[in-house]
Amino acid sequence: MKIRQSTTDRIFMLITYGLLLLFSLIVAYPIFFMCIASVSDPNAVMRGEVIFWFKDFTSLGYERIFSNDTIFRSYGNSILYSVLGVSISLLLTIPTAFALSRRELPGVGIITKLFVFTMYFYGGTIPTYLVVKQLGLLDSMFSLIFPTAIVTYNLVVARSFYINSIPNELHEAALLDGCSYTQFFISIVLPLSKSIIAVMVLFYTTKMWNGFMDALMYMNTESKFPLQLVLRNILVQSQAMALLDDATAVAEQQKATELIKYGAVVIASIPMLCLYPFIQKHFVSGVMLGAVKG
């Protein structure tokens, strides 16, 4: 039977849905604007004539992007770095978070405090650079992966999930059946960790895909640049001019540059937009399980 709603409840739900719709439009509009601006006349964009739909359709920007090997190579680099980096981060974060959630671990309180200490006190950019250099990781993809393989905030979130979602009684029952800690973690804990793993995948993928500062400091070879660093060169240093022929008129160069900027941002956003729908269900479930203690 349907629960009969009062007039006050209906008004409240109407206001709630209206606000959610408004916030959704506010969040989605910048992406929509990038899409229509990437196929519009740059002069019309600068005049403010492109607001809700494109004007004077042109595919020049995407033609320049797809004809340039640098962007495609950096796109592949970012995919490789993200897949490898997220895999390593999960292999380190999930077992560590589970271990820190067990009260019987010797020194668990001190170890946890040491991890949390790193959230508030950071050695700095220069010491980190020197460590990466001494390890021989400069100009290597591992310089983007190892220094931030474990994000303390993510570790704390995963630890809270295991504390609130894996009861001690379950572990005691597994021990009575002869399970070791390793068997308990692999056979019981991991199958119950789909939600938090999905959350960690989203967090780490976003970090790896959007990061460019580490690549800017540690990478020297252009063929190893990730996509975000190439976009940074295009957006900040205006290196999109290098994609054009010398015989192109200055006005045409500027037009193509603007189109390339918008088009490159759109292309860079596609992987994250495709990833989120697949893990949205687990993401919401993981947040709720970590927030509600049974």
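- In Tyr29, the OH atom is crowded: over 12 heavy atoms of neighbouring residues, nucleotides or ligands sit closer than 6.0 Å.
- For the pair Lys207/Val86, no side-chain contact is recorded, criterion being any heavy-atom separation below 4.5 Å from C-beta on.
- Between the side chains of Tyr204 and Ser82, not a single donor N or O lies within less than 3.5 Å of an accepting N or O.
- Hydrophobic clustering places Phe52 together with Phe33 (ILVMFWY residues linked when any side-chain heavy atoms are closer than 4.5 Å, directly or through intermediates).
- Between Phe225 and Asn220, the shortest heavy-atom distance links the atoms CE2-C, 4.1 Å.
- Distance check, rounded to the nearest 0.5 Å: CD1 of Ile145 to CG of Leu137 gives 10.0 Å.
- Checked by atom type, the side-chain pair Thr152/Thr118 shows a donor-acceptor distance below 3.5 Å.
- Two residues are said to be in side-chain contact when any heavy atoms from C-beta on lie closer than 4.5 Å; Leu100 and Val156 fail this criterion.
- Residues Val151 and Leu155 have side chains not in contact (no heavy-atom distance under 4.5 Å, counting atoms from C-beta outward).
- Under the 3.5 Å distance criterion, the side-chain polar atoms of Lys224 are matched with a main-chain donor or acceptor of Asp139.
- With hydrogens and angles disregarded, a donor-acceptor distance shorter than 3.5 Å links the side chain of Gln183 to the backbone of Ser180.
- A donor-acceptor contact closer than 3.5 angstrom links the side chains of Glu63 and Ser59.
- For the atom pair CZ (Phe146) and OG1 (Thr148), the distance works out to 11.0 Å, reported to the nearest 0.5 Å.
- Scanning both residues, Ala174 and Ile188, for their nearest heavy atoms gives CB-CD1, 3.9 Å.
- Among Leu144, Asp214, Leu138, the one residue that satisfies the side chain to side chain contact (heavy atoms under 4.5 Å, CB included) test with Met219 is Leu144.
- In this structure, Asp177 contributes its side chain and Cys179 its backbone to no donor-acceptor pair below 3.5 Å.
- Hydrophobic clustering of Ile, Leu, Val, Met, Phe, Trp and Tyr side chains at less than 4.5 Å, counting indirect connections, keeps Leu21 apart from Leu19.
- Heavy atoms from other residues, nucleotides or ligands lying under 6.0 Å from CD1 of Ile270 number more than 12.
- In terms of modelled atom types and a separation under 3.5 Å, the side chain of Ser74 and the main chain of Ile71 share a donor-acceptor contact.
- Tyr262 and Ser40 form no side-chain donor-acceptor contact under 3.5 Å, judged by distance and modelled atom types alone.
- Environment of OH in Tyr120: sparse, with no more than 12 heavy atoms of neighbouring residues, nucleotides or ligands closer than 6.0 Å.
- Defined by atom type and a distance below 3.5 Å, a donor-acceptor pair is present between the side-chain atoms of Arg102 and Asn168.
- Other residues, nucleotides and ligands place more than 12 heavy atoms under 6.0 Å from the CG atom of Leu22.
- Here the closest heavy-atom approach between residue Thr96 and residue Phe115 is recorded as CG2-CZ, 4.0 Å.
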Check: Could you go step by step and tell me if Asn43 and Asp56 meet the side chain to side chain contact (heavy atoms under 4.5 Å, CB included) rule?
Finding: CA-CA 10 Å; Asn43 296 326; Asp56 298 331; over 6 Å; no
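- If you take CG on Asp69 and OG on Ser223, they are separated by 12.0 Å, rounding to the nearest 0.5 Å.
- The environment of Phe32 atom CZ is dense: over 12 non-hydrogen atoms of other residues, nucleotides or ligands sit within 6.0 angstrom.
- Contact between Ala149 and Ile88 at its shortest, heavy atoms only, is CB-CG2, 4.5 Å.
- The line from CG of Leu20 to CD1 of Ile15 is 12.0 Å long, rounded to the nearest 0.5 Å.
- Looking only at distances, no side-chain donor or acceptor of Trp209 sits under 3.5 Å from a matching main-chain atom of Gln228.
- Here the shortest heavy-atom pairing between Tyr62 and Val39 reads CE1-CG1, 3.6 Å.
- Between Thr125 and Met217 there is a side-chain heavy-atom pair separated by less than 4.5 Å.
- By the 6.0 Å contact criterion, CE on Met213 is open, its count of non-hydrogen atoms from other residues, nucleotides or ligands being 12 or less.
- Put simply, the side chain of Pro226 reaches to within 4.5 Å of the side chain of Leu229, judged on heavy atoms.
- Side chain of Ser140 to main chain of Phe142: a donor-acceptor pair is present (N/O by atom type, distance under 3.5 Å, no hydrogens or angles).
- How far OG1 of Thr93 is from CE of Met200: 7.5 Å, rounded to the nearest 0.5 Å.
- Cluster membership check: Leu91 does not share its hydrophobic cluster with Ile197, using side-chain heavy-atom separations under 4.5 Å among Ile, Leu, Val, Met, Phe, Trp and Tyr.
- The two residues Cys35 and Ser38 come nearest to each other via the heavy atoms O-OG, 2.7 Å.
- Residues Val83 and Thr205 fail the side-chain proximity criterion, which asks for heavy atoms closer than 4.5 Å.
- Under the 3.5 Å distance criterion, the side-chain polar atoms of Ser78 are matched with a main-chain donor or acceptor of Leu227.
- A distance of 10.0 Å separates CZ in Phe185 from CD1 in Ile166, rounded to the nearest 0.5 Å.
- Under a hydrophobic-cluster definition in which Ile, Leu, Val, Met, Phe, Trp and Tyr are linked whenever side-chain heavy atoms come within less than 4.5 Å, directly or via other members, Ile150 and Leu135 are assigned to the same cluster.
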Checklist line | Verdict with supporting geometry, Val108 and Arg103, side chain to side chain contact (heavy atoms under 4.5 Å, CB included) | finding: CA-CA 7 Å; Val108 62; Arg103 297 178 181 177; 5.6 Å; no
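- Counting only heavy atoms from C-beta outward, the side chains of Arg10 and Leu14 never approach each other to under 4.5 Å.
- In terms of modelled atom types and a separation under 3.5 Å, the side chain of Ser101 and the main chain of Phe98 share a donor-acceptor contact.
- Ile51 and Phe57 fall within a single hydrophobic cluster, where Ile, Leu, Val, Met, Phe, Trp and Tyr side chains are chained together by heavy-atom contacts under 4.5 Å.
- Tyr75 contributes a side-chain N or O that, together with a main-chain N or O of Ile267, makes up a donor-acceptor pair within less than 3.5 Å.
- Between Tyr181 and Glu104, the side chains place a donor N or O and an acceptor N or O closer than 3.5 Å (distance only, hydrogens not considered).
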Note to self: One pair to check against side chain to side chain contact (heavy atoms under 4.5 Å, CB included): Tyr122 and Thr128. What are the steps and the verdict?
What the structure shows: CA-CA 9 Å; Tyr122 173 60; Thr128 303; 3.0 Å; yes
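- Here the side chains of Asp41 and Lys55 are not in contact, with every heavy-atom distance at 4.5 Å or above.
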Margin query: Is there a side chain to side chain contact (heavy atoms under 4.5 Å, CB included) between Met34 and Ile31? Walk through the geometry before answering.
Written below: CA-CA 5 Å; Met34 287 292 178; Ile31 300 176; 5.7 Å; no
